[in-house]
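Read the structure below first, then the notes.
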Number of protein chains: 2
Amino acid sequence: MDQTHDTDLRIEHSPTTLRELAVERLRNAIISARFNGGDRLVERTLCDQLGVSRSVVREAIRVLEAEGLVETMPRSGPVVAALDWPRARQIYDIRRLLEADAAAACARKADARVHARLQAALAALEVAVGEGVASRTRDTTTAFYEVIFTSAGHDIAWEIVKRLNGRISRLRALTLASTNRRIAGPVHMARICEAICRSDPRAAEQAVRDHLDDAAEIAHSLLIETP
Amino acid sequence: MDQTHDTDLRIEHSPTTLRELAVERLRNAIISARFNGGDRLVERTLCDQLGVSRSVVREAIRVLEAEGLVETMPRSGPVVAALDWPRARQIYDIRRLLEADAAAACARKADARVHARLQAALAALEVAVGEGVASRTRDTTTAFYEVIFTSAGHDIAWEIVKRLNGRISRLRALTLASTNRRIAGPVHMARICEAICRSDPRAAEQAVRDHLDDAAEIAHSLLIETP
DNA sequence: TTTGGTATGTTGGTATTCCATAATACCGAA
DNA sequence: TTCGGTATTATGGAATACCAACATACCAAA
């Protein structure tokens, strides 16, 4: 409410180019496991399903390709990227580095306003977990982390983490659904939130690491039997 | 030469689609500062310059957009992304995390073969620096890091770092050209290489951090006067 | 100088067409 | 029956032409 004076009355330019919509739809379809790893993405079929032209579909596929959700083999067209444990493991390792760093930075520089936002995000998350709707849980979890990253000034790291999350989101859907996770998840988040509000970077870092170790272990047990 | 048996006899599918060529050309044009930050990228003009159709150009732009090299405002078209110090700083911070981790992992698990490859890469880098050709220096530096990341099994982190490097490559061109850098760079690399060959993860980590602190400082001095 | 309107350029998006190739089906001869 | 070759189809890669919406610059009038 301070330096946003000019943007306040700015007309909300519908950020919805058709292509972005298509990207979003496709991304959700992959994340929600409606498409499975290895599935082919036939352009002309997607045109019908999405009701858009082929150029839009193709550009959307390029975007998803760059996000790592889709892989295109030279002559055989795009397929949904498969996820094995070695890759998932790497993703969790990278998240651990970036998120721990962001949480520490956040704990160091957050003020009361940030604390409030964080607690609000945590409350929303707990409600969503209570409801038991996977997509809501995912979104509120994302929102919680978004507060941490952006308030720490780690915009670019947040972009990266968002992208990585897309790639392991099918796992997340499963891990978030697992019963012990539904309890452990919010507890970990609460620890993170509390450490940040206490301005204790080391504790925040450690809480993030514990949380991710936990998530990675569940993912591991899920992936090790179904390669 | 161990688990690559099946890929060895695989036919090398020429990966040269027109679009990939276009992406490469445009990326190089941006990296080599032939296009400057804020420059508009008019589709039809690029069609003429590249000698390809609009669909190719547009898909190429989507890829570069996802790489963070260009930004597209809804109705006003793509522009070359500008780089300011806050962003560059974030990029260096992330690289510090990922590269230090990779170097440590590499030092932990590298065998004699990796050591040899690393030393070869270092030698090539020293030659390139001696020649003083910016692009050669860039490529050999990249090759050096590639050995570290891939031998550590950090493929995904390497993808991320490559992308980040694209975004700060214009700076790199300048930092690599600066005279004290031409001496300090290889010295740092040699320290990294030596620590890895000594299987000393902590030292490798520290050498990487020193190297990046140095690079970041040069970038800082370059960016602080020309926002 | 400000206001209002106009002209032009550019993007977002669509439709249509052609070509090259991979995969598949098919078919005849040994 | 099996092998080797051929026809067909499905699909991606690419080019082109077209339109509507919007942005920008410019120009004219008050």
Side-chain angles (χ1 to χ4, degrees), chain A residues 6-7 9-27 29-30 35-67 69-82, chain B residues 6-7 9-27 29-30 35-67 69-82:
Chain A
D6 38 42
T7 63
L9 61 155
R10 181 176 213 89
I11 200 157
E12 256 321 313
H13 238 311
S14 66
T16 41
T17 87
L18 216 44
R19 165 178 18 106
E20 286 180 63
L21 276 181
V23 169
E24 205 174 320
R25 293 291 176 87
L26 289 176
R27 191 192 288 124
I30 295 175
F35 293 142
N36 295 321
D39 281 5
R40 292 189 58 186
L41 296 174
V42 180
E43 293 178 2
R44 287 168 171 93
T45 309
L46 293 179
C47 290
D48 293 344
Q49 294 176 334
L50 293 171
V52 296
S53 77
R54 226 177 127 200
S55 9
V56 174
V57 168
R58 292 187 55 125
E59 290 180 37
I61 286 179
R62 296 305 149 239
V63 175
L64 296 174
E65 200 179 350
E67 284 185 23
L69 285 176
V70 168
E71 284 170 356
T72 298
M73 257 87 92
R75 277 277 177 255
S76 77
V79 298
V80 177
Chain B
D6 42 294
T7 63
L9 60 156
R10 180 171 220 94
I11 287 181
E12 260 317 316
H13 255 308
S14 72
T16 40
T17 92
L18 217 45
R19 164 180 20 105
E20 288 180 61
L21 278 180
V23 169
E24 205 174 320
R25 293 291 175 86
L26 287 177
R27 190 193 289 124
I30 295 175
F35 293 142
N36 295 321
D39 282 5
R40 291 189 60 185
L41 295 175
V42 180
E43 293 176 1
R44 276 157 175 104
T45 309
L46 293 179
C47 291
D48 293 344
Q49 293 176 335
L50 294 171
V52 296
S53 79
R54 228 179 123 203
S55 8
V56 174
V57 167
R58 295 192 53 149
E59 289 180 38
I61 286 179
R62 293 308 147 236
V63 175
L64 296 174
E65 198 179 351
E67 284 184 23
L69 284 178
V70 314
E71 286 169 355
T72 299
M73 257 94 91
R75 280 280 173 210
S76 78
V79 298
V80 177

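Protein chains get the first letters and strands the later ones, always in sequence-line order, with residue 1 at the start of each.
At the heavy-atom level, A/Leu21 lies nowhere under 4.0 Å from the strands shown. Among the heavy atoms of the strands lying under 4.0 Å from A/Leu41 are primed sugar atoms or P, OP1, OP2 only; no base atom is included.
Remark: P of C/dT11 and CE of B/Met73 are 13 Å apart, rounded to the nearest angstrom. Between the CG atom of A/Asp48 and the P atom of D/dA10 there is a distance of 14 Å, rounded to whole Å. Distance, B/Arg40 CZ to D/dA23 P: 12 Å, rounded to whole Å. Atom CD of B/Glu43 and atom C1' of D/dA15 are 15 Å apart (whole Å). Summarising the geometry, the separation between CG on A/Leu46 and P on C/dG13 is reported as 16 Å, rounded to the nearest angstrom. Between the P atom of D/dG13 and the CD atom of B/Glu59 lies a distance of 8 Å, rounded to the nearest Å.
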Protein-nucleic acid N or O pairs under 3.5 Å, nucleotides 14-18 of chain C:
| unit_1 | atom_1 | unit_2 | atom_2 | d |
| --- | --- | --- | --- | --- |
| C/dT14 | OP2 | A/Ser53 | N | 3.3 |
| C/dT14 | OP2 | A/Ser53 | OG | 3.0 |

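Every residue two or more places apart in sequence or in another chain that forms a side-chain hydrogen bond (donor to acceptor under 3.5 Å, both in side chains) with B/Arg54 is listed here: B/Glu43.
Residues B/Ser76 and B/Arg40 approach most closely at O-NH2, 3.6 Å, considering heavy atoms. Between B/Ala22 and B/Val56, the shortest heavy-atom distance links the atoms CB-CG1, 4.0 Å.
Going from atom CG of B/Leu41 over to atom CG of B/Leu26 covers 7.0 Å, rounded to the nearest 0.5 Å.
Side-chain contact between B/Asp39 and B/Ile30: absent, with no pair of heavy atoms (C-beta onward) separated by less than 4.5 Å.
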Legend entry - Candidate pair A/Asn36 and A/Val80, rule side-chain contact (heavy atoms from CB on, under 4.5 Å), full reasoning: CA-CA 7 Å; A/Asn36 295 321; A/Val80 177; over 6 Å; no

Inset, instruction - Apply the test side-chain contact (heavy atoms from CB on, under 4.5 Å) to residues A/Ile61 and A/Leu46: give CA-CA distance (whole Å), side-chain angles for both, the deciding distance (0.1 Å), then the verdict. - result: CA-CA 10 Å; A/Ile61 286 179; A/Leu46 293 179; 4.2 Å; yes

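Within 6.0 Å of the CZ atom in B/Arg27, the count of heavy atoms belonging to other residues, nucleotides or ligands exceeds 12.
Rotation axes derived from the C1' atoms of the five outermost pairs at either end of the helix from C/dT1-D/dA30 to C/dA30-D/dT1 lie 0° apart, to the nearest 10°.
None of A/Glu59, A/Glu65, A/Glu67 except one satisfies the salt bridge (charged side-chain N to carboxylate O under 4.0 Å, His left out) rule with B/Arg62; the exception is A/Glu59.
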